[in-house]
Enquirer: 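Take this structure, written in structure tokens, and hold onto it; I'll ask about it next.
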Amino acid sequence: MGRVLIIGAGGVATVAAHKVCQNPDVFTEVMIASRTEKKCIVLAEILNRKYGTNVKTAQVDADSVEQLVRLLGSYKPDIVMNLALPYQDLTIMEACLQTGCNYLDTANYEPKDEAHFEYSWQWAYRERFEKAGLCAILGCGFDPGVTSIFTAYADKHHFDEIHYLDIVDCNAGNHHKAFATNFNPEINIREITQKGLYWEDGKYIETEPMEIHKPLTYPGIGPKESYLLHHEEIESLVINFPTIKRARFWMTFGQQYLTYLDVIQNIGMSRIDEVEYEAPLVSPQGKMTTAKVKIVPLQFLKAVLPNPQDLGQNYDGETSIGCRIRGLRNGQEHTYYIYNNCSHQAAYEETGMQGVSYTTGVPAMIGAMMFLTGLWNKPGVHNVEEFDPDPFMDQLNKQGLPWHEIHDGDLEL
């Protein structure tokens, strides 16, 4: 039914590629491309052996519009799944416009030199995509992504007005490492060390990082300390559901993780600006010398931390992510909790990746499926909650991320 190009070869891209290959009636041709083609080749060999597919590979620098245009122009995908880094959203969107390709991603753009993310940069492309007759689907992971679709589903089926929305994200797994991040360390640490931000009574309220926290009880897991963070889906949800009076995002962290993170910040390893130091070098004559070298401390830290792609084998426990909603139906107040729990070991057994990659990669595939089957396809740049949630929700149950509901329970918030 459609030709897809996956840009990226990390944990999320690996999961998405597995799920794409499991649905050959929708995805008839597949290519995986990244800066390091060797990673793509290794992944393609696994996929072709396991599913009997013919996945192709390519090398591309996703920071280069010129290289992207060449690749997209030669392969001519029906949709590009951007599963690379958020820094590269705009170059990939630009290349899609120049070559007439539709677009999907899982996280909004952020500049390399500033730990800040918002949708304004990508929303600025709305008119160009609309005039070109192309569709861009933003934030189609789990959070953002499924949580926004959960909200749209709740609004469509269970509420006349949503007043209070709390997105809750718990990882109760154990990877048995002293310190590791579940996705790209650079992106992860930049995200959680920012100031908190939430929406209330028509305005954003800023907090200090990790300032607001409380224990929340997660189904099948129990109570976990949960911290209020700034997260991008709030930005679009309060626009698309204007009855929302307050919207917040919460994520759990263990004390050991927070202790290591505190040390990383205190010793300057979370810095994203360049620092200069004297690096030991060996001259062509074999003599030891030194030279001034510039590095970004957070990028250096990423190089020495465990690779999130390698965490799956010994990862036990599960994630629990969902939406806790309070609002009105027929003039009466109701509460609604919709969530998914995902086993790290089940995710690893299926795809070789841990649950955090799985919960992002599966929705990315479903979003591309929605586009290729014609269920989500309208020109312009759209966040996922702007589409019909029902067919997506149906596929979550079929593709490995079943959801559950609790009506009129205690939201704890």
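Computed from a predicted structure; not experimentally measured. We use all heavy atoms of the structure for the numbers below, so side chains are in, but hydrogens, waters and symmetry mates are not.
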Enquirer: Among F392, Y153, F371, W376, which one satisfies ring pair (Phe, Tyr, Trp, His ring centres under 6.0 Å) with F387?
Expert: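 Result for ring pair (Phe, Tyr, Trp, His ring centres under 6.0 Å) with F387: W376.
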Enquirer: Quick one about S343 and Q345 (side-chain donor to acceptor, distance below 3.5 Å, no hydrogens or angles considered), yes or no?
Expert: no
Enquirer: Ignoring hydrogens and geometry beyond distance, is a side-chain donor-acceptor pair present between Y87 and D63 at under 3.5 Å?
Expert: no
Enquirer: Determine the sole option in R324, R326, R248, K245 for which the salt bridge (Lys or Arg N to Asp or Glu O under 4.0 Å) test with D166 is passed.
Expert: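 Per the salt bridge (Lys or Arg N to Asp or Glu O under 4.0 Å) rule, the option paired with D166 is R248, out of R324, R326, R248, K245.
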Enquirer: Around atom CD of E66, are there more than 12 heavy atoms of other residues, nucleotides or ligands at under 6.0 Å?
Expert: no
Enquirer: By the definition side chain to side chain contact (heavy atoms under 4.5 Å, CB included), identify the one residue from V238, L413, L237 that meets it with L165.
Expert: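 Answer to the side chain to side chain contact (heavy atoms under 4.5 Å, CB included) test with L165 among V238, L413, L237: L237.
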Enquirer: Looking at Y358, I'd like to know if the NZ or CZ of K19 sits under 6.0 Å from its six-membered ring centre while staying within 45 degrees of the ring's axis.
Expert: no
Enquirer: Please determine if R126 and E130 form a salt bridge, counting it only when a charged side-chain N lies under 4.0 Å from a carboxylate O.
Expert: no
Enquirer: State whether R128 and E94 are salt-bridged, where the test is any N-O pair (Lys NZ or Arg NE/NH1/NH2 against Asp/Glu carboxylate O) under 4.0 Å.
Expert: yes
Enquirer: Once the angle between the rings of Y339 and H404 is folded into 0 to 90°, is it parallel (under 30°), tilted (30 to 60°) or perpendicular (over 60°)?
Expert: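 Ring orientation of Y339 relative to H404: tilted.
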Enquirer: For the residue pair N383 / W123, report whether a side-chain donor-acceptor contact shorter than 3.5 Å exists.
Expert: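 There is such a pair (donor and acceptor under 3.5 Å, judged by atom type) between the side chains of W123 and N383.
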Enquirer: Side-chain donor-acceptor pair under 3.5 Å between N171 and H344, yes or no?
Expert: yes
